[in-house]
Amino acid sequence: MNIVKEKTGDLTAVLKVNIAESDYAEKVDNVIKDYRKKARIDGFRPGKVPTGLIKKMYGTGILVEEVNKLISESLTNYIREEKLNILGEPLPAENQKTADFDTETEFEFSFDIALAPEVEVKLSKKDKVPYYDIKVDKKLLDTHIDNYARRFGEFIDVEETTDNEMLTGNFAQLDEEGNVLENGIKAEDVRITIEYIKDEEIKKSFAGKKVGDIVKFDVRKAYPSDSEIASMLKIDKEVAQNITGDFQFEILKVQRFDKAEVNQELFDKAFGKDVIKSENEFKAKVTEEIKSNFVRETDYRFLIDAKEKFVQKINPDLPVEFLKRWLTVANEGKFTPEQIEEEFPKFEEDLKWQLIKDRIIKDNDIKVEEKDVLEAAKEVTAAQFAQYGLANLPDEQLEQYAQEILKKDNERRNLYEKKFEDKVVDFIKDSVKLDTKEVTVEEFQKLWEDDQKKDPKKSKK
């Protein structure tokens with residue numbers, strides 16, 4: 001078998017694959033022998049079907065399958081051995097002649113390929129990229145401290161309702177006279193929160209109530225959502241759709257949510273025993289945490305701005321027509337040619353950036369090791385637990401959960417890609433001049449909103 005590469009453009013070529021009978025004959029014969037052993041055909045004992053009959057019945061199909069396998073393996077090996085950096089996948093040439101597998105023994109197949117352009121990336125302090133430093137002002141700090149107070153707050157029993165307590169009680173459906181309906185819907189130990197009642201008059205009717213009091217109200221007015229009614233009355237959503245009229249709610253417990261006081265007990269719950277010993281230390285720690293959280297946001301914004309700058313500056317050439325054709329073939333049945341045409345500019349920008357990133361990684365020998373990915377998985381784990389108020393987990397426990405994440409191939413691959421991107425961002429930050437701009441959270445958010453107005457498809461991830 002022979003493969004010849006012929007250039008068809010600056011970044012395109014055709015691979016001509018010539019296959020002789022000697023390339024596939026033995027493979028086809030072996031498959032036919034295997035078919036003969038397993039074939040079950042009336043009039044013949046197992047394993048005694050004539051080879052000629054097997055060839056007649058299955059020969060062409062076997063030949064096609066083996067030739068296709070041979071083509072696939074040969075193209076893969078050729079591309080690897082010749083170190084061709086291709087974009088997309090090889091496509092059958094548009095002028096490819098249809099092979100006649102019934103009469104021909106030698107075949108030529110042509111495949112169009114696209115070659116990645118040579119990209120040169122030179123970064124220097126002459127390149128200026130915006131970097132946003134989010135200011136931790138009093139309002140932002142107070143909000144985060146309040147979040148800690150809420151996270152470690154608790155419900156306490158109180159004597160009487162005002163306007164935002166949580167009530168535990170029993171529901172019972174009423175008849176038109178206001179009496180408990182025999183065989184009506186009942187639900188025990190249901191929790192409701194006064195402030196979430198939608199009807200203002202009903203909400204007011206709960207004011208000043210105590211344990212043992214009964215409040216009668218129209219549940220449909222109080223909770224217009226079928227899902228809420230279904231959950232509250234512990235019934236199916238289909239049944240909830242038909243619920244109207246009054247229910248009574250007998251109050252068994254009145255509780256009010258009290259935020260935690262900003263004191264040593266809160267410091268210990270949030271950061272561990274005696275790690276923080278004063279309110280000033282607490283504020284400093286929260287400020288540090290806010291800035292740390294915003295580093296991810298500001299680095300991502302830096303990545304977006306750097307991508308835009310260097311894609312425009314370096315602007316690698318791409319074989320556009322081939323790529324559109326490849327996308328159409330690869331997404332057949334998923335997207336129309338019109339949709340691909342519409343989305344192509346975004347694909348083109350992302351591909352150019354990928355080529356630039358790959359060049360930065362290769363030129364500067366940037367590597368991601370297993371320990372880097374493990375640390376990334378631990379960060380993901382810690383963030384997930386923090387959402388549920390579980391901070392400062394022991395490192396051994398974090399690593400245990402992180403190892404479970406890394407057992408999933410897709411998660412592992414995503415973390416590798418994320419760490420490569422992080423290291424590219426760090427490299428660019430060190431190589432260019434940072435045009436640092438201090439902004440408030442609102443001003444930073446407005447950057448994304450302005451982007452959205454200019455390009456609705458561009459959004460913050």
Side-chain angles (χ1 to χ4, degrees), residues 139-140 142-144 146-260 383-384 386-390 441-442 445-446 448-449 452-453 456-457 459-461:
K139 178 183 174 184
L140 184 59
D142 287 347
T143 298
H144 277 73
D146 187 66
N147 288 342
Y148 269 106
R150 288 179 179 277
R151 187 188 304 174
F152 294 101
E154 59 184 359
F155 283 96
I156 59 171
D157 292 338
V158 294
E159 291 291 325
E160 189 175 301
T161 64
T162 55
D163 60 359
N164 63 351
E165 287 77 18
M166 183 174 75
L167 310 178
T168 303
N170 299 333
F171 271 107
Q173 192 173 18
L174 304 178
D175 61 21
E176 292 181 359
E177 283 74 39
N179 300 312
V180 174
L181 183 65
E182 189 177 353
N183 298 323
I185 295 171
K186 293 181 174 65
E188 297 183 344
D189 290 323
V190 178
R191 289 180 175 179
I192 65 172
T193 303
I194 295 174
E195 65 176 314
Y196 295 145
I197 294 173
K198 306 302 187 294
D199 185 90
E200 289 301 319
E201 290 302 316
I202 295 175
K203 188 182 291 186
K204 288 175 184 176
S205 71
F206 276 89
K209 296 296 187 267
K210 299 178 181 179
V211 171
D213 287 347
I214 291 176
V215 181
K216 299 179 179 181
F217 64 98
D218 185 330
V219 292
R220 178 63 64 182
K221 286 184 179 178
Y223 301 100
S225 165
D226 292 334
S227 297
E228 283 184 289
I229 291 176
S231 174
M232 186 172 59
L233 298 180
K234 302 177 182 179
I235 57 178
D236 291 336
K237 190 174 178 181
E238 292 73 20
V239 177
Q241 291 173 357
N242 299 314
I243 291 296
T244 57
D246 289 348
F247 278 69
Q248 73 173 31
F249 185 79
E250 180 187 2
I251 300 173
L252 303 179
K253 187 183 291 186
V254 181
Q255 293 179 303
R256 180 181 297 127
F257 180 77
D258 270 8
K259 294 185 289 186
Q384 289 173 344
Q387 290 177 352
Y388 299 99
L390 299 172
V441 174
E442 292 77 15
Q445 186 62 37
K446 192 172 183 301
W448 298 106
E449 292 169 2
Q452 193 78 12
K453 289 175 185 175
K457 293 178 183 178
S459 61
K460 179 182 177 183
K461 289 186 180 178

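- In this structure, D142 contributes its side chain and K139 its backbone to no donor-acceptor pair below 3.5 Å.
- At least one donor-acceptor pair under 3.5 Å links the side chain of K216 to the backbone N or O of G178.
- Remark: the backbone N or O of Y196 is paired with a side-chain donor or acceptor of K198 at under 3.5 angstrom.
- The closest donor-acceptor contact from the side chain of T193 to the backbone of E195 lies at 3.5 Å or more, if one exists at all.
- Atom CD of E182 is surrounded by 12 or fewer heavy atoms from other residues, nucleotides or ligands within 6.0 Å.
- Side-chain N or O atoms of D246 include none that pairs as donor or acceptor with a backbone N or O of V219 at under 3.5 Å.
- Note on K221 versus E201: no salt bridge recorded, every NZ/NE/NH1/NH2 to OD/OE distance being 4.0 Å or above.
- Closest approach of F155 to M166, counting heavy atoms only: CE2-CB, 3.8 Å.
- The side-chain heavy atoms of L174 and L181, taken from C-beta on, include no pair separated by under 4.5 Å.
- Judged by distance alone, the side chain of T161 and the main-chain N or O of G208 form a donor-acceptor pair under 3.5 Å.
- Counting heavy-atom neighbours within 6.0 Å of E188 CD, excluding the residue itself, gives a total of 12 or less.
- Under the 4.0 Å criterion applied to side-chain N and carboxylate O atoms, K446 and E449 are not assigned as salt-bridge partners.
- In terms of modelled atom types and a separation under 3.5 Å, the side chain of D175 and the main chain of E177 share a donor-acceptor contact.
- Not a single donor-acceptor pair under 3.5 Å links the side chain of S231 to the backbone N or O of S227.
- Listed here is the closest heavy atom pair of R256 and E160: NH2-O, 3.8 Å.
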